[in-house]
Amino acid sequence: MTVITRFAPSPTGYLHVGGARTALFSWLYARKHQGEFILRIEDTDLERSTKESVQAIFDGMEWLGLSYDTEPTFQTHNFPRYKDIIATLLETGHAYHCDCSKEELELLREQQMAAKEKPRYNGKCRDMNKPQSDKTVVRFKTPVDGSITIADLVKGDITVANKELDDLVIARTDGSPTYNLTVVVDDMDMKITHVIRGDDHINNTPRQINILNALNAPLPEYAHLPMILGSDGARLSKRHGAVSVMQFRDEGYLPQALLNYLVRLGWSHGDQEIFSISEMIEFFDLADVNGAASTFNMEKLLWLNHHYLMHSDPTEIVPHLIWHLGTIGIDANTDKSVDLVELVKAQRERCKTLVEMAEASRYFYQEFEVYDEKSAKKAFSEGSDDVLNHLKNTFAQLGNWEKEALHDVVKNTAETLELGLGKVAQPLRVAICGSGVSPSIDITLALLGREKTLARLQRAISHIQRA
Ligand code: GLU
């Protein structure tokens with residue numbers, strides 16, 4: 001049997017990290033079993049679904065590298081099929097037309113609430129054989145007896161008596177199908193073997209199983225993933241910080257770090273914390289998913305991000321850095337003056353995010369506006385224009401612009417002028433970076449290149465002489 005899983009988001013907002021974790025687990029499970037992974041856009045709520053959200057889902061999936069095996073499907077393209085199935089359920093006596101009015105249903109609800117009963121439809125039209133009209137909905141005839149047991153792969157067995165469930169609406173008055181119907185039809189038609197989704201759907205599952213049974217369809221396995229909570233124990237939401245996948249990109253996280261973070265949210269493999277994608281695929285199993293909610297910890301994500309910045313092949317980080325440089329007005333695809341692999345190597349130790357790395361790299365591309373006041377005050381003292389002048393003349397004549405040679409120039413200058421190394425390196429650093437913080441001076445010079453170095457030295461000399 002080929003394992004087929006799906007991720008079935010409703011495009012009504014951004015791609016939330018909770019959704020991304022569901023997508024990741026479904027994707028991993030399919031990849032682990034050499035199965036298929038389907039992306040199904042559940043866009044039947046025409047009022048709430050937007051094109052932008054669909055795009056956000058595509059962008060998020062692509063950025064995370066969660067590839068799907070077939071073209072994404074849209075439920076709005078499948079209305080004729082849902083209509084057919086509704087007709088079949090009516091023909092086989094598994095569904096009926098109901099013309100109970102909103103007011104009637106509201107009254108019923110109030111009465112049930114007053115009697116402290118669970119509000120639900122009382123089945124009034126169930127055996128009345130009402131004809132269809134523009135005021136009727138179609139309801140599914142939930143079996144009155146028996147029960148449904150979900151053998152949930154994460155939560156264990158969950159049994160619900162059918163008498164707890166009412167006759168749910170499967171088509172609205174305008175004939176449009178409802179969520180529980182469309183999910184069932186698609187899961188059946190797509191031959192989904194494992195429905196992996198958030199546990200907010202657990203109440204829907206017995207209803208969906210009843211519909212599948214009525215259609216004589218095989219049942220998929222179910223795995224309901226626990227919620228993700230914010231640090232205060234409430235369901236993770238915007239007020240806890242970034243929750244949209246693309247916001248994590250914007251804030252400078254690597255997709256690999258986010259994936260590694262998400263895979264550990266509710267799943268574990270011994271006490272291993274760092275997983276390559278292939279290890280995730282190899283080790284992942286639904287049986288190891290914890291049934292209890294997990295808490296989102298930004299600090300840990302930041303720690304992982306730094307880990308991946310430090311230990312990834314720099315060539316893998318470069319495209320992400322280019323993207324971030326772009327957001328601060330630096331087109332590193334066109335301006336190739338800086339060796340990006342070396343830049344990543346030089347910056348990654350002190351940067352926890354790509355936003356920091358891009359910002360800390362700005363002076364390699366753009367002239368800084370002003371010197372950091374404190375650093376300039378400390379580094380530019382009387383006589384430092386002579387030091388910088390000496391350096392400028394030596395750099396101008398230097399045969400090769402490489403780290404070792406540059407290091408020697410700084411060292412020899414200190415010796416020649418009989419100064420401590422700091423008295424040379426600090427004015428030099430502030431002159432070329434605008435502040436006292438940079439990677440080691442030789443690497444900084446090598447990355448900056450001769451032309452910018454000479455121009456900035458001249459700028460600093462004039463600045464000191466003007467002061
Ligand atoms: N479209 C549903 C949602 O976004 C998910 C349906 C499912 O996974 O069965 O919550």
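In listed order, ligands and their atoms are each counted from 1. The analysis underlying the following values was restricted to heavy atoms, covering all of them including side chains, and did not include hydrogens, waters or symmetry mates.
- A cation-pi arrangement is absent between Arg362 and Phe368, since the terminal nitrogen or guanidinium carbon is not both under 6.0 Å from the aromatic centre and inside a 45° cone about the axis.
- Comment: Lys336 does not engage Asp331 in a salt bridge, judged by the lack of any side-chain N to carboxylate O separation of less than 4.0 angstrom.
- The side-chain tip of Arg21 points at the ring of Phe25 from less than 6.0 angstrom away and within 45° of straight on.
- With no hydrogens or angles considered, a side-chain donor-acceptor pair links Asp186 and Tyr82 at under 3.5 Å.
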Asp335/Ser337 under side-chain hydrogen bond (donor to acceptor under 3.5 Å, both in side chains): CA gap, chis, key distance, verdict: CA-CA 6 Å; Asp335 179 349; Ser337 62; 2.6 Å; yes
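- The contact shell of ligand 1, taken as protein residues with any non-hydrogen atom closer than 4.0 angstrom, comprises Arg6, Ala8, Pro9, Ser10, Glu42, Tyr179, Val183, Arg197, His201.
- Using a cut-off of 4.0 Å between Lys/Arg side-chain N and Asp/Glu carboxylate O, Lys118 and Glu164 are scored as salt-bridged.
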